[in-house]
Amino acid sequence: MELLANAKINLTLDILRRREDGYHDLQMVMQSVTLADKLTVTPAQGTEGVAASDLHFLPTGGKNLAQMAAAAFRAATGLGGEVDVAIQKHVPVCAGLAGGSADAAAVLIAMNRLTGAGLSPEQLAAIGEAVGSDVPFCVLGGTALAQGRGERLTPLPPLPPCFIVICKPPFSISTPQLFSRVNVRKIVRRPDTPGVVAALGAGDLAGVARRMYNVFEDVLDPRRLSELNEIKGVLIDCGALGASMSGSGPSVFGLFEDEVRAQDACRRLRGTYRDVFLCTPQENAPAVV
């Protein structure tokens with residue numbers, strides 16, 4: 001079975017409090033995009049499933065999120081055997097775009113269909129919660145308010161039609177390190193999440209764009225923040241209605257009404273960066289090809 005595994009962006013990311021279990025309560029508006037990996041899921045050729053990709057540094061066994069998802073599905077349902085997963089990577093890794101979580105979600109959907117388990121998307125999302133905090137959203141897709149660690153999801157009206165330019169600079173950012181730098185009481189600037197939700201309901205793209213923000217930007221290393229701000233500057237100069245960092249970064253995205261301006265932003269950014277993508281909002285869950 002072949003499936004597309006869609007990346008996500010964070011229209012907002014807010015940290016509300018640190019919990020007694022060490023995690024943080026988050027509030028985010030998340031959006032699927034058409035940038036996607038392509039997965040092929042087949043019965044395993046050996047005694048253990050393998051996750052093979054075109055990136056040699058990714059784990060191939062049980063530490064790969066795709067194989068973790070397969071194991072979680074078997075444990076939850078008692079159905080299915082080992083599977084091999086071939087991944088054509090298009091979503092950059094360690095980018096704040098949930099590429100690994102999207103792959104895991106696609107495997108859950110594939111195994112549900114291959115085994116005839118008949119689980120609902122919500123049931124698959126619950127299984128995915130044990131694999132990673134972003135997996136439930138990636139199972140359901142579309143536009144959603146995510147709360148808790150990201151697993152409590154409320155569907156929202158879709159992002160109005162637009163063009164999204166994503167740029168990942170050539171470095172990664174440690175998510176645990178970012179969380180360790182956050183002092184919730186000292187957060188000064190926060191996204192207007194209720195305003196974004198209202199703008200989505202009104203179909204107001206500009207209203208969404210001007211309310212976007214990611215509180216992780218306030219705790220970035222100054223040198224990294226400077227580079228991300230330069231990328232934002234290019235996006236805004238080219239006509240983006242707004243720009244923000246996605247997840248724990250370092251990917252930055254901009255929302256455009258006009259495709260020509262979005263293509264111009266891509267051309268300018270590709271003069272400096274390799275990982276630059278033009279995509280659109282994705283309203284549905286991972287799709288069978």
Side-chain angles (χ1 to χ4, degrees), residues 4-13 28-38 54-55 88-99 102 143 158-173 178 189 191-192 196 199-200 204-283:
L4 296 179
N6 297 94
K8 63 85 183 170
I9 56 174
N10 291 84
L11 301 176
T12 70
L13 193 158
M28 307 175 286
V29 177
M30 302 173 76
Q31 174 65 54
S32 300
V33 297
T34 52
L35 172 64
D37 293 339
K38 184 177 180 180
D54 42 8
L55 299 179
Q88 295 180 22
K89 289 295 294 181
H90 301 288
V91 181
V93 300
C94 299
L97 301 173
T143 313
L159 184 67
C162 63
F163 301 92
I164 303 167
V165 175
I166 300 173
C167 176
K168 179 194 176 291
F171 56 82
S172 60
I173 297 174
L178 282 186
R189 183 180 179 188
D192 180 7
V196 168
L200 288 168
D204 179 5
L205 180 64
V208 171
R210 67 173 173 264
R211 292 174 171 85
M212 298 188 308
Y213 192 64
N214 183 335
V215 297
F216 275 139
E217 295 185 38
D218 288 339
V219 295
L220 290 175
D221 175 89
R223 182 167 57 92
R224 300 305 194 197
L225 179 60
S226 176
E227 184 164 358
L228 267 57
N229 282 336
E230 289 179 8
I231 296 171
K232 283 186 181 182
V234 173
L235 293 167
I236 297 298
D237 287 347
C238 289
L241 299 175
S244 187
M245 185 175 82
S246 182
S248 56
S251 296
V252 175
F253 68 92
L255 304 184
F256 291 79
E257 283 185 308
D258 184 79
E259 184 176 9
V260 173
R261 292 185 175 185
Q263 290 173 339
D264 181 48
C266 287
R267 282 192 292 270
R268 287 182 57 181
L269 289 168
R270 284 171 182 153
T272 305
Y273 299 101
R274 182 189 67 182
D275 292 327
V276 180
F277 309 93
L278 176 59
C279 54
T280 56
Q282 172 73 23
E283 294 186 18

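Every value quoted in this text rests on a predicted model; they were computed, and no experiment measured them.
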* To do: Mark yes when over 12 heavy atoms from residues, nucleotides or ligands other than Arg270 sit less than 6.0 Å from its CZ; otherwise mark no.
  => yes

* **More than 12 heavy atoms of other groups within 6.0 Å of Glu257 CD** => no

* Could you walk me through whether Thr143 and Gln31 pass side chain to side chain donor-acceptor pair (under 3.5 Å), step by step? => CA-CA 5 Å; Thr143 313; Gln31 174 65 54; 2.5 Å; yes

* Glu227/Lys232 ion pair, N-O < 4.0 Å -> no

* Output yes when Lys89 and Asp37 qualify as a salt bridge under the 4.0 Å nitrogen-oxygen rule, no when they do not. => yes

* Intermediate values then yes/no, side chain to side chain donor-acceptor pair (under 3.5 Å), Tyr213 and Asp218 -> CA-CA 10 Å; Tyr213 192 64; Asp218 288 339; 2.6 Å; yes

[X] (side chain) donor-acceptor with [Y] (main chain) under 3.5 angstrom:
X: Ser32; Y: Asn6; result: no
X: Asp192; Y: Met212; result: no
X: Thr34; Y: Thr280; result: yes

Can you confirm whether [X] sits close enough to [Y] that some side-chain heavy atom of one is under 4.5 Å from a side-chain heavy atom of the other?
X: Pro281; Y: Ile164; result: yes
X: Phe256; Y: Val165; result: yes
X: Ile166; Y: Ile9; result: yes
X: Leu235; Y: Leu269; result: yes
X: Gln263; Y: Leu278; result: yes

* What's the spacing between Leu228 CG and Lys168 NZ if we round to 0.5 Å? -> 10.5 Å

